[in-house]
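To start, the structure under review is shown below, and the notes come after it.
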Amino acid sequence: MSEEPALDYLLTTDFKWTRRAFELLQASQLTVDPYEAGGAPCFVVSGPCPRCEHHMTDRQVTTALAGLAGPDRGVEGRPSTEVLLDVTCGCVGEHGNAPEGAVGCGASFRIAVVTE
Ligand SMILES: [Zn+2]
Ligand SMILES: [Zn+2]
């Protein structure tokens with residue numbers, strides 16, 4: 001039994017983390033839960049980081065969506081919208097070479113969420 005050495009901190013936005021995150025989502029290991037905060041749709045991403053596999057939680061506030069600031073005018077055929085969440089690993093695991101105050105392993109990835 002050998003312990004896995006801790007991964008070094010590395011700022012990376014490699015697409016493979018996005019692809020791995022997608023796999024984790026499919027396997028329901030990584031979850032995205034919507035919540036409301038002041039009218040804007042927000043999401044909590046929770047699960048293992050695609051890179052270091054430490055548990056992480058990331059709160060995402062979607063500000064990029066247009067037309068949500070105003071009052072709702074009827075609910076006719078609301079189109080589903082794909083929201084892209086840029087998530088950065090925020091695990092509390094140990095990673096070598098991490099800069100002062102940095103959290104996580106430095107990996108960033110993208111999750112696509114379809115809202116209704
Ligand atoms: Zn980690
Ligand atoms: Zn990580």
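Quick caveat, the model's predicted, so the values are computed rather than measured.
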Sequence-distant partners of Val44, side chain to side chain contact (heavy atoms under 4.5 Å, CB included), two or more places apart
Tyr35, Thr57, Arg59

Compare all side-chain heavy atoms of Leu10 with those of Arg51 and state whether any distance is below 4.5 angstrom.
yes

Check whether any side-chain heavy atom of Pro34 lies under 4.5 Å from a side-chain heavy atom of Cys42, and answer yes or no.
no

Go through it in stages, so that I can follow the logic: the residues are Leu85 and Val45, the test is side-chain contact (heavy atoms from CB on, under 4.5 Å), and I'd like the CA-CA distance, side-chain angles, deciding distance and then a yes or no.
CA-CA 9 Å; Leu85 306 176; Val45 180; 4.0 Å; yes

Under the side chain to side chain contact (heavy atoms under 4.5 Å, CB included) test, which residues partner Leu24, sequence neighbours left out?
Arg20, Gln29, Leu30, Pro48, Pro50

Taking side-chain hydrogen bond (donor to acceptor under 3.5 Å, both in side chains) as the cut-off, I'd like each qualifying pair that reaches into residues 85-100, sequence neighbours left out, listed once.
Asp8-Asn97, His54-His95, Asp86-Arg110, Thr88-Ser108

Partners passing side chain to side chain contact (heavy atoms under 4.5 Å, CB included) against Val114 (at least two apart in sequence or in another chain)
Ser80, Glu82

Residue pair Cys91 / Cys105: nearest heavy atoms and the distance that separates them
SG-N, 4.3 Å

Quick one: hydrophobic cluster around Leu11, which other residues, with the 4.5 Å side-chain cut-off, linked directly or via members?
Tyr9

Treat each ILVMFWY residue as a node, draw an edge where side-chain heavy atoms are under 4.5 Å apart, and state whether Val113 and Val87 are in one component.
yes

What residues form a side-chain hydrogen bond (donor to acceptor under 3.5 Å, both in side chains) with Thr12, not counting sequence neighbours?
Trp17

Do Ile111 and Leu25 touch side chain to side chain, with heavy atoms closer than 4.5 Å?
yes

Taking atom SG of Cys49 and atom CG of Leu7, what is their separation to the nearest 0.5 Å?
8.5 Å

Going by the salt bridge (Lys or Arg N to Asp or Glu O under 4.0 Å) test, which pairs reach into residues 25-37, not counting sequence neighbours?
none

